[in-house]
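Read the numbers this way: they start at 1 and go in the same order the structure lists the ligands and their atoms.
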Amino acid sequence: MITYLLKLGELTLKGGNRRVFERILRRNLEALIRGTGARVETASGRFYLHSPEGTESRAEDALDHLMGISGWAQTRVCEKTVPAVIRSCVEEGKRLLEGGIQTFKIEARRTDKSFPLDSYGIAREGGEAVLGAVPGLRVDVRRPQGIIEVEIREKAYVYGFGRRGQQGLPVGSAGRGLLLLSGGIDSPVAGYLLASRGMLIEAVYFHAYPYTSEEARLKVVKLAEIVGRYSLGIRLHTLNFTPIQKHIKAGAPLEWHTVLLRMAMMDAAEKLAENRRCACLITGESLSQVASQTIENIACTESRVKLPVLRPLVGMDKEKIIRIAGTIGTYKTSILPYEDCCLLFSPPHPIIRGNREEARRLYQGLNLEESLAEALRGGHTEECSFPPGKERPERDEPPRNGTQAEAVVI
Ligand code: ATP
Ligand code: MG
């Protein structure tokens with residue numbers, strides 16, 4: 001068996017509720033490793049994953065996508081004796097060197113005070129043993145490239161390659177939200193961010209077949225699969241909005257088309273959310289990123305809905321959003337050049353500061369109720385999850401020990 005040690009993130013700050021969050025975390029991890037023969041163990045507020053040899057890539061993939069942990073590491077588990085711990089430090093030192101690391105330090109923690117060495121003693125003796133046995137490694141206590149961590153608890157744990165976890169809170173601890181998912185860069189990131197706050201995500205995509213292609217729809221399915229890896233899958237609803245776009249085109253001034261289309265999307269999304277018992281709508285809007293996202297136009301867009309509209313990207317600039325899209329693996333798919341339904345109908349000079357009353361009046365004049373009901377009736381629903389074994393989406397690797405100037409402390 002290979003053992004991984006998990007460090008819990010923000011949920012350790014929870015008081016009486018902590019157990020509830022831990023239960024959800026455990027259930028989520030078990031779902032991600034199902035079928036591998038791996039087992040989750042909890043001991044004194046710590047999580048361990050015991051994974052059969054040969055299933056490391058599944059286990060590590062699960063840990064890489066699990067919301068609610070601040071870090072994880074494959075760890076050696078050894079007897080609580082000084083020689084065993086020192087030996088493990090040396091073994092871990094060899095692994096660090098093999099991994100391209102030249103400078104290290106040892107950090108030790110001891111919850112079992114009966115262990116004969118204190119933390120300082122472990123670091124000193126372990127460090128000396130590593131220096132003696134692994135030529136090529138040097139100690140650097142201020143900016144080491146690698147850290148060998150030693151924890152003396154129920155057993156002794158020694159590990160060198162810590163990875164940062166997804167952090168946040170376990171998915172399923174914060175209700176369910178309906179994400180308006182387009183094929184762009186922003187909305188997948190918005191869904192990911194709220195999953196990282198513990199929200200279960202459903203998604204709705206409005207397409208404009210035949211004006212938008214099947215490729216455009218498949219791209220959204222792929223995005224839902226990628227974000228779904230972090231959120232335990234995503235149920236995706238696809239609604240045909242072509243008739244609604246046509247109504248807008250025929251019945252409203254050109255400069256208002258985009259804002260009115262957004263209002264219709266919110267309207268339909270709210271009805272779907274009520275049906276699916278989602279507590280909020282989620283969009284990828286970012287303040288003033290495009291004309292339809294000025295504060296005045298955002299106010300128009302949401303003026304008909306009562307559910308809270310969460311916009312996790314509202315204060316982020318595009319570069320930051322792109323960076324997150326790169327690390328979660330959605331960016332390369334988002335930039336595939338398939339047309340968006342909004343672009344097809346977008347006016348050359350859209351209204352920049354729409355007036356809410358006017359928006360409401362124009363919208364009501366369109367009498368979209370029947371078409372919206374029709375779109376909802378004709379919707380198509382599918383489960384998007386990323387089955388293990390499928391090729392991993394390309395993503396920018398998070399920094400890990402040995403590939404950066406400083407070690408990751410998990
Ligand atoms: P994105 O990159 O998410 O497409 P964007 O910067 O292109 O965002 P807009 O096209 O103005 O912005 O869309 C704003 C938000 O409205 C999107 O983030 C998304 O939540 C929602 N949205 C836009 N088009 C669609 C669509 N076809 N289906 C579902 N939601 C959509
Ligand atoms: Mg878009």
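Atoms of ligand 1 found under 4.0 Å from any heavy atom of G184, numbered from 1 in the order shown, are 1 (P), 2 (O), 4 (O). Close contacts between ligand 1 and V204 involve ligand atoms 29 (C) [criterion: under 4.0 Å to a heavy atom]. Atoms of ligand 1 found under 4.0 Å from any heavy atom of D186 (numbered from 1 in listed order, with element): 1 (P), 2 (O), 3 (O), 5 (P), 6 (O), 8 (O). Every atom of ligand 1 with a heavy atom of T283 under 4.0 Å away is listed here by number and element: 20 (O). Near I185, meaning under 4.0 Å from one of its heavy atoms, ligand 1 places the atoms 2 (O).
Every N/O-N/O distance between V290 and ligand 1 stays at or above 3.5 Å.
Judged by distance alone, the side chains of S334 and T330 never bring a donor and an acceptor atom under 3.5 Å apart. A donor and an acceptor atom, one from each side chain of S288 and T294, are nowhere located under 3.5 Å apart. Neither side chain, Y211 nor Q245, offers a donor N or O lying under 3.5 Å from an acceptor on the other. Between the side chains of Y209 and E214, no donor-acceptor pair is found at a separation under 3.5 Å. Side chain to side chain, T381 and H237 meet the donor-acceptor criterion of an N or O pair below 3.5 Å.
With ring centers used as reference points, Y48 lies under 6.0 Å from Y157.
If you look at S292 next to ligand 1, the close heavy atoms, those under 4.0 Å, all belong to the side chain. Within the 4.0 Å heavy-atom criterion, neither part of T258 lies near ligand 1. Contacts between L181 and ligand 1, counted as non-hydrogen atom pairs separated by less than 4.0 Å, involve the backbone only.
Looking at S182, G284, A325, A203 and measuring to atom 1 (P) of ligand 1, the nearest heavy atom belongs to S182. Proximity annotation for atom 19 (C) of ligand 1: of I298, L180, N297, L180 comes nearest, heavy atoms only. For atom 16 (O) of ligand 1, the nearest non-hydrogen atom from the set Q293, R262, Q289 belongs to R262.
Side-chain atoms of D267 never come within 3.5 Å of backbone atoms of R304 as a donor-acceptor pair (strictly under, hydrogens ignored). When atom types are taken as modelled, the side chain of S231 and the backbone of Y192 share no donor-acceptor pair closer than 3.5 angstrom.
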